[in-house]
Structure formats: structure tokens, C-alpha cells
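Order of listing sets the numbers, starting from 1, for every ligand and every atom in it.
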Amino acid sequence: MDLGLKGRIALVGGASAGLGRATADRLASEGCKLALWSRGGEALEKAAEEIRAHYSVVVATIAGDATDPATAAKVAWQAERALGPIDIAILNAGGPIASEATKTDPDEWRRSFQLLAITPIELATALLPGMRSRGWGRIVSIMSSGIRQPIPELAYSNACRSALAAWLKTIAPEVIADGVTVNGVVPGRLDTARVAALDKARAEKTGSTLADVRAQSERSIPAGRYGQPDELAAYVTWLCSDLARYQTGTFVPIDGGMIRGI
Ligand SMILES: NC(=O)c1ccc[n+]([C@@H]2O[C@H](COP(=O)([O-])OP(=O)(O)OC[C@H]3O[C@@H](n4cnc5c(N)ncnc54)[C@H](OP(=O)(O)O)[C@@H]3O)[C@@H](O)[C@H]2O)c1
């Protein structure tokens, strides 16, 4: 199936690892040119080198911390300077700290809101005018099941990502007539360093072994296992394709049946 992505220019956040890296690989396999963004360093450069070597596509890297208010404008500018007008923006970075919902901290709220809401909103806002004027664009946000079903101890994530979802849902109808779609994916538990770190923290807190925590977590998923990053990346790539041009304003779970609500 031709997804119509060859030659498209994609900016992928959190691209050095996990879900962002898997998405970068999938988009590269469809012939996209890539601007990979994360805080930078060895892992990001290694990802770029591997993708260039494997898919023979142009890959640029951009270092920037999504908790820094100056980052969104810098990333948008550097990505377009390196590769030209951005067609596809994958809004993604790391997750916030875990915390009991009744024990949150104002500074951590500010940091998490910048990471999970303000930076992606500013990034999309910077890229949307160009996408609209060219009559084609894709914004896909990697979110969390917490926007559908709050996750205990991930209060910052549940709340800040819900704000982002509300903004994305607000802009989707405003830009679809210009050929720009705006969607999100809602991961349940996919096998990445982030999920491993959360499991480790839970094991330490409860005095269980890491293996027991993971086994219990997997039993709560009807599919009986954690998902693989590519199982999300494949769907994100579909959302970026020309074939998905009529799909906008949606937030689709990729969760092995974990979210029980309709
Ligand atoms: N995996 C899941 O099942 C799952 C479930 C629900 C939600 N999520 C959310 O989905 C997103 C991606 O998760 P993941 O599992 O792929 O995580 P991951 O494996 O930890 O990867 C996170 C990526 O984001 C980058 N990053 C981290 N902090 C950043 C920052 N402040 N600014 C810019 N980039 C940053 C990291 O690279 P550098 O270290 O190079 O910066 C890395 O490339 C996270 O927000 C996570 O909370 C994941």
C-alpha cells in the first residue's frame, strides 16, 4: 500500500528512544526526510546515523529540552532551516515524574505543563501556518491512556496531557479545510525505557520484584503483554499518510484493550 509519504518532511520529537524512535523508523521506511528532536547527545546522533544507514533518507538532529520555554520556537526554526517546510509534526517528548495526586508541587506543575502542553502547543502553532498555506499537513501527538482513564500517581501527566488534548480538539476543525489533520494516539503500556522506569519505581515502593510488577501489569491488559513501540508507530504513520486525510480530531488508544470504557 502506498501511503503517499515519500519525500515528505517530518519533525519527530522524543526521537532518540522508545515511541518517537520507532515512529522515526517507520516514517523513514516510507521515504520521509526527518528532523529528529530530543535533548540531544549520543543517543540522538546514534539514532540519526542508524536511520540514515538503514533507509538512505536525509536526517537532521535538533537538541532542545521541552521543559524550556524557548525550545519550541528554536526547534521549529532549526528544523525548517535544516530540511525546508515541515509537513508532519510528531508531538512527543519524555514523561513527567510520578507523584501522588494529593501531594503535588507548584514548580513541578509548571515544569510538567511546559513539557506536556505549552511546548507542543507552541511547536504546532509555529508550524501550522506553513502547513495550511501549502494545503497539506499532519500533526500527531503521542499522549497517554491517562487522558481517558487517569493513571494513579501520574497526576501531572493526566492533567497536563488533557489540556493538550483539549487544544488539539479545538484546532482540528479550524484547519481541516486547509488539508491539515490533527490527531493523537493514546498508548497504554508499550515496552520502552519510560515504562520500565515506572515499573521499577512501583517495585521499589511496594517491595515487589520488578518481574512481579510487570507480570501484574501485563495481566491487566487483555492482550496479556506490553505493546511493542512499532505497534504504535505503524498507526502513527498511517495517520500521517495521505490515505488518512479524512481523519481528524481523534485520539485512538493503542493499548491491547487496556482501556475498558467505550
Ligand atoms: N511507553 C508507553 O507505554 C507510554 C504510555 C503512556 C504515555 N507515554 C508517553 O509517551 C511519551 C514517549 O514515551 P516513551 O515510552 O517513548 O519514553 P522514552 O522511551 O523514555 O523516550 C522518551 C524520549 O523523549 C526524549 N525526551 C525526554 N525528555 C525530554 C525533554 N525534556 N525534552 C525533549 N525530549 C525529551 C528522550 O530523549 P533524550 O533523553 O535524548 O532527551 C527520548 O527520545 C512520553 O511522554 C511518555 O510519558 C508512553
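Distance from atom 35 (C) of ligand 1 to its nearest protein heavy atom, with residue and atom name: Gly94 N, 3.6 Å. If you check which protein heavy atom lies closest to atom 16 (O) of ligand 1, you get Leu19 N, 2.8 Å. At the shortest separation from atom 18 (P) of ligand 1 among protein heavy atoms lies Arg194 CB, 3.9 Å. Protein heavy atom at the shortest distance from atom 45 (O) of ligand 1 is Ala93 O, 2.9 Å. Here the heavy atom of the protein found nearest to atom 32 (N) of ligand 1 is Ala66 N, 2.8 Å.
Heavy-atom contacts of Asp65 reach the following atoms of ligand 1: 30 (C), 31 (N), 32 (N) (cutoff under 4.0 Å). Atoms of ligand 1 lying under 4.0 Å from any heavy atom of Ile142, numbered from 1 in the order shown and given with element: 10 (O). Ligand-side atoms of ligand 1 in range of Gly95: 44 (C), 45 (O), 47 (O), range being under 4.0 angstrom from any heavy atom. Counting atoms of ligand 1 from 1 in the listed order, those under 4.0 Å from a heavy atom of Ser16 are 36 (C), 37 (O), 38 (P), 40 (O), 42 (C), 43 (O). Close approach of ligand 1 to Gly18 (heavy-atom distance below 4.0 Å) involves ligand atoms 16 (O), 19 (O). Interface of Gly14 with ligand 1, defined as ligand atoms under 4.0 Å from a residue heavy atom, comprises 23 (C), 24 (O), 25 (C), 42 (C), 43 (O). Set against the non-hydrogen atoms of Ala193, the atoms of ligand 1 under 4.0 Å away are 19 (O). Interface atoms of ligand 1 facing Asn92, defined by a heavy-atom separation under 4.0 Å, are 10 (O), 11 (C), 12 (C).
Residue-ligand proximity: Ala43 is placed with every non-hydrogen atom at 4.0 Å or more from ligand 1. Contact analysis puts Gly40 in contact with ligand 1, with a non-hydrogen atom separation below 4.0 angstrom. Ligand 1 lies less than 4.0 angstrom from a heavy atom belonging to Gly64. Using a 4.0 Å cutoff on heavy atoms, Leu44 does not count as a contact of ligand 1. Distances from ligand 1 to the non-hydrogen atoms of Arg21 include no value under 4.0 Å. At least one heavy atom of Arg161 lies less than 4.0 angstrom from ligand 1. Distances from ligand 1 to the non-hydrogen atoms of Gly188 include at least one value under 4.0 Å. Not a single heavy atom of Gly41 sits less than 4.0 Å from an atom of ligand 1.
If you check the side chains of Trp136 and Asp242, you find a donor sitting under 3.5 Å from an acceptor.
At under 3.5 Å, a nitrogen or oxygen of Thr192, whether backbone or side chain, sits near a nitrogen or oxygen of ligand 1. At a 3.5 angstrom cut-off on N or O pairs, Gly20 does not count as close to ligand 1. Checking only distances, Pro96 never comes within under 3.5 Å of ligand 1, N or O to N or O. Any N or O atom pair closer than 3.5 Å counts here, and Val195 shares no such pair with ligand 1. Between Ser144 and ligand 1, no pair of N/O atoms sits closer than 3.5 Å. At under 3.5 Å, not a single nitrogen or oxygen of Leu116, backbone or side chain, sits near a nitrogen or oxygen of ligand 1.
The residues Arg110 and Asp107 are annotated as salt-bridged, a charged nitrogen and a carboxylate oxygen being separated by less than 4.0 angstrom. Ion pairing of Lys46 with Glu49 is absent here, as no side-chain N (NZ or NE/NH1/NH2) approaches a carboxylate O to less than 4.0 Å. Here Arg189 does not pair with Asp255 in a salt bridge; the nearest charged N to carboxylate O distance is not below 4.0 Å.
Atom CG of Asp212 sits about 8.5 Å away from atom OG1 of Thr206, to the nearest 0.5 Å. Separation of atoms CD (Glu204) and CG (Asp199) is listed at 11.5 Å; rounding is to 0.5 Å. Rounding to the nearest 0.5 Å gives a distance of 7.5 Å between CG of Asp68 and OG1 of Thr119.
For Glu218, the salt bridge (charged side-chain N to carboxylate O under 4.0 Å, His left out) criterion is met by Arg214, not counting sequence neighbours. Not counting sequence neighbours, Trp77 has no partner by the ring-ring contact (aromatic ring centres under 6.0 Å, His included) test.
Residue Arg39 touches ligand 1 through backbone and side chain together, judged by heavy-atom distances below 4.0 Å. The residue Ser145 has no part lying near ligand 1, judged by heavy-atom distances below 4.0 Å.
Considering every non-hydrogen atom in both Ser145 and Ile151, the closest pair reads OG-CD1, 3.6 Å. Counting all heavy atoms, side chain and backbone alike, Phe251 lies closest to Arg148 at O-NH2, 2.8 Å.
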